[in-house]
Visitor: 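Let me begin by handing over the structure; questions about it come next.
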Amino acid sequence: MDEEIDTRKINNSFLRDHNYATEADIISTVEFNPTGELLATGDKGGRVVVFQREQESKNQPHRRGEYNVYSTFQSHEPEFDYLKSLEIEEKINKIRWLPQQNAAYFLLSTNDKTVKLWKISERDKRPEGYNLKDEDGRIRDPTTITALRVPVLQPMDLMVEATPRRVFSNAHTYHINSISVSNDYETYMSTDDLRINLWNLEITNQSFNIVDIKPANMEELTEVITAAEFHPNQCNTFIYSSSKGSIRLCDMRASALCDNHSKFFEEPEDPSNRSFFSEIISSISDVKFSHSGRYLMTRDYLTVKVWDLNMESKPLETYQVHDYLRSKLCSLYENDCIFDKFECVWNGSDSVIMTGSYNNFFRMFDRNTKRDVTLEASRENSKPRAILKPRKVCVGGKRRKDEISVDSLDFSKKILHTAWHPSENIIAVAATNNLYIFQDKVN
Amino acid sequence: MRKRGSRPIIMPVHRRRKGREKSNMYSKGTKRKFFDGVDNKAVAASYSLQRQSLLDMSLLKLQLCHMLAEPNLCRSVLIANTVRQIQEEMTHDGSWQVVTEALGGSGHGPSDSLVDTEVLCQSPEQQDGGPKLYSVMGYDGCREEEVVTDKALCSVVVGDRAPALLLGTIGHCWDRGELRVEDGVSKDSGTGDEEETRSGEGAKMATGQVFGMFEIKNGAPGSDPALEELFSDVDASYYDLDTMLTGMQSAPKMGPYDFLDSLASSHGPVSNSSCRADLNELDHIMEIIVGS
């Protein structure tokens, strides 16, 4: 594992490449494809924007492969469910790429109710020289045709088209919060608040329910599913997290309905820290397997925890993201910020983890050196290609010059969605309606 | 509020000794704990107040659930669990049916079950999503509750069953996504407990109803005739709140199934309000027909 290379300068060397201002809408999901060549973002308006990394060229070495817009398409439209008299939001909740198997790219995108499989393909050649129609497409008079010719493929301007190949709908009563593609590349699962369904990528009119935590009597509902993910290497294993701060690992070989977990990860509550908000802040907002499959990471309101799959009793590591908010929980409950769902990501070698916070801050934790850094994604505080300066929040007492006090934090500027390139130190950070891409400085 | 000081202060007898021991107690700045009856009462009272305001805030959040197109189930579950937690503690204290200031029947103050952090603060700090000031006074003592939203002001007159009434109206926020129509809500088994006070009973029923289909069943034996009157009072306010917040004349977001349900139920407040809405419309139409 290239740990030495990766841990080299995670603190100070991130440069800001571009600021893609998608002014129109708030970004709701960000995801790199398995090679890192493409970066997809979904927004609240149901659109997907795909960026492609430029090929590195020797002529311009300082442009080390920047991301440019590759394709934009409307994935989901707002719908109205007439039966229940409810509007279905078109906001894209999650995007997951499929591994590339041919020249085209495939991704799954989902809103609250429907998952769609999109094919993104390039067209750079066009057949010319038809017999029955001329170049404008008009039908030729057959009597004028004296000789036959074979159409030839001629180059044309690159056109990227996105077509919906499958629509997986009508399987979820509650809001879909996660999708995850299995290692077998044939199936994927979609998760809502109470149920997890397994789909075959080819079959849209049928899905299998594999987890159902809906109580017979809805009055007894006290726990919901918040996120789920397939194991990266074992297609039979998946995990799901709950609003009570627990993670369940299930093996699909054990039974068709995986209501009984194989492993149950939960940290015992710290009695000295208990308050009325304990349960809310323990609710897990995101869960991710490490690339190796040995660890899993969970994000709750104040911390990120790394768990060893072999130890269910407590996490391996706990990192405080913004512990200074612990004394502000009441206000955060009042303005609903306490329900914000932050995501967390691993870097390619599983040595660094990253998650977002408020005031457009995001945090990185190096698991080996135990160092952490707070960075900011904002136009005002960084210029393109400038090295990001670490930020610090001042908790009490005297505030130093560059520090920000807790009370000045802007809670409307939250970084919920981030992504890390699968092999390089390139990160994408979504700050409301802006996308920031940072790269590690290469000397 | 029990904080862990730097010194283990155990024996009350220390207080009675003069000189060194006494100064040792104070020299490190550790607060006196637990022996001083006056301090404890004040602290517990403020804790009770804070807890009450948290309860009120939570109930209001749940009530406003139904305003949205489709409530966020996770958020609603977490808020409801918080309400349940507070309720359990208050019931345990005995302060559920008593005026707020009581320390509770059992010997220990409410602080024993939970460590009070400064968390239960009342003043709203960051109001980013548009100002919604909930200045709510306690249910138990006062009989009045004001909900102040941006420019609207409506007052609700509630009695001891306040939690029940409010939570009853949010019952349908869970099952908005569900098509099934139930005949009635099955009550929590706890409501059968005779020893519970009326308000305790009401709250338990209410929490139970939070997740069930929205239909308030008044078929329980021994239901208070005054209850219906209270319900009708809440009706008006519920309706008014709806109107103010959504600017619509009739109850918003009422799908066809909800409407049918509410028609079937004779006592639910929504049925009253939707009938009222209907009547208003009917009146309006009649006016047009007759007037012109």
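Every value quoted in this text rests on a predicted model; they were computed, and no experiment measured them. Below, chain A is the first sequence line, B the second, and so on; all start at residue 1.
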Visitor: Going from CD1 on A:Ile280 to OG on B:Ser58, what distance comes out if it is rounded to the nearest 0.5 angstrom?
Guide: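 Result: 7.0 Å between the selected atoms.
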
Visitor: Can you establish whether the number of heavy atoms outside A:Lys413 located under 6.0 Å from its atom NZ is more than 12?
Guide: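 Atom NZ in A:Lys413 is not crowded, with 12 or fewer foreign heavy atoms closer than 6.0 Å.
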
Visitor: Contact part of A:Ser243 toward chain B, heavy-atom cut-off under 4.5 Å: side chain, backbone, both or neither?
Guide: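 The answer is both parts of A:Ser243.
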
Visitor: Is it the backbone or the side chain of A:Glu89 that comes under 4.5 Å from a heavy atom of chain B, or both, or neither?
Guide: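 Neither the backbone nor the side chain of A:Glu89 comes within 4.5 Å of chain B.
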
Visitor: Looking only at heavy atoms, what is the nearest atom pair of A:Thr222 and B:Val77, with distance?
Guide: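 Closest pair (atom of A:Thr222, atom of B:Val77, distance): O-CG1, 3.3 Å.
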
Visitor: To the nearest 0.5 Å, what is the distance between CG (B:Leu73) and CG (A:Asp192)?
Guide: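 The CG atom of A:Asp192 is 9.0 Å from CG of B:Leu73, to the nearest 0.5 Å.
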
Visitor: Nearest 0.5 angstrom please: B:Cys74 SG to A:Lys341 NZ, how far?
Guide: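 Going from SG on B:Cys74 over to NZ on A:Lys341, the span is 3.5 Å.
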
Visitor: Determine the minimum heavy-atom distance between A:Glu219 and B:Arg84, stating which atoms define it.
Guide: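 Where A:Glu219 meets B:Arg84 most closely, the heavy atoms are O-NH2, 3.6 Å.
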
Visitor: To the nearest 0.5 Å, tell me how far B:Leu78 CG sits from A:Ser283 OG.
Guide: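 Reported value, rounded in 0.5 Å steps: 5.0 Å.
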
Visitor: For A:His261, what residues pass the ring pair (Phe, Tyr, Trp, His ring centres under 6.0 Å) criterion, not counting sequence neighbours?
Guide: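 Applying ring pair (Phe, Tyr, Trp, His ring centres under 6.0 Å) to A:His261 gives A:Phe264.
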
Visitor: With a sphere of 6.0 Å drawn around CG of A:Asn170, does it hold more than 12 non-hydrogen atoms of other residues, nucleotides or ligands?
Guide: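 Not more than 12 within 6.0 Å, no.
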
Visitor: Please name all residues satisfying ring pair (Phe, Tyr, Trp, His ring centres under 6.0 Å) with A:Tyr240, sequence neighbours left out, ordered by chain then number.
Guide: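 A:Tyr240: no ring pair (Phe, Tyr, Trp, His ring centres under 6.0 Å) contacts found.
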
Visitor: Regarding A:Tyr333 and B:Thr82, is there a side-chain donor-to-acceptor distance under 3.5 Å anywhere?
Guide: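 Note: A:Tyr333 and B:Thr82 side chains miss the donor-acceptor criterion.
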
Visitor: Please look at A:Thr226 and chain B and tell me whether the side chain, the backbone, both or neither of the residue comes under 4.5 angstrom of a heavy atom of that chain.
Guide: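 Interface part for A:Thr226: side chain.
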
Visitor: Please confirm whether B:Lys61 makes a cation-pi placement over A:Phe339, using NZ or CZ under 6.0 Å from the six-membered ring centre and within 45° of the ring normal.
Guide: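 Negative - B:Lys61 is either too far from the ring of A:Phe339 or too far off its axis.
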
Visitor: Check whether A:Asn177 gets within reach of chain B through its side chain, its backbone, both or neither, counting any heavy atom under 4.5 Å.
Guide: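 Neither part, no heavy atoms under 4.5 Å.
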
Visitor: Drop me the distance from A:Tyr174's OH to B:Asn72's CG, to the nearest 0.5 angstrom.
Guide: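 So the gap between those two atoms works out to 13.0 Å.
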
Visitor: What distance do B:Arg75 atom CZ and A:Asp193 atom CG have between them, rounded to the nearest 0.5 Å?
Guide: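 Nearest 0.5 Å value for the CZ-CG distance: 13.5 Å.
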
Visitor: Given heavy-atom pairs under 4.5 angstrom as the criterion, report whether the side chain, backbone, both or neither of A:Ile88 touches chain B.
Guide: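 The answer is neither part of A:Ile88.
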
Visitor: Do you know the tightest heavy-atom contact between A:Leu221 and B:Asn81?
Guide: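 Reported closest heavy-atom pair: O-OD1, 4.5 Å.
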
Visitor: Which pair of non-hydrogen atoms, one from B:Gln85 and one from A:Ser275, has the smallest distance, and what is that distance?
Guide: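 Heavy atoms only, the tightest pair is NE2-O, 3.8 Å.
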
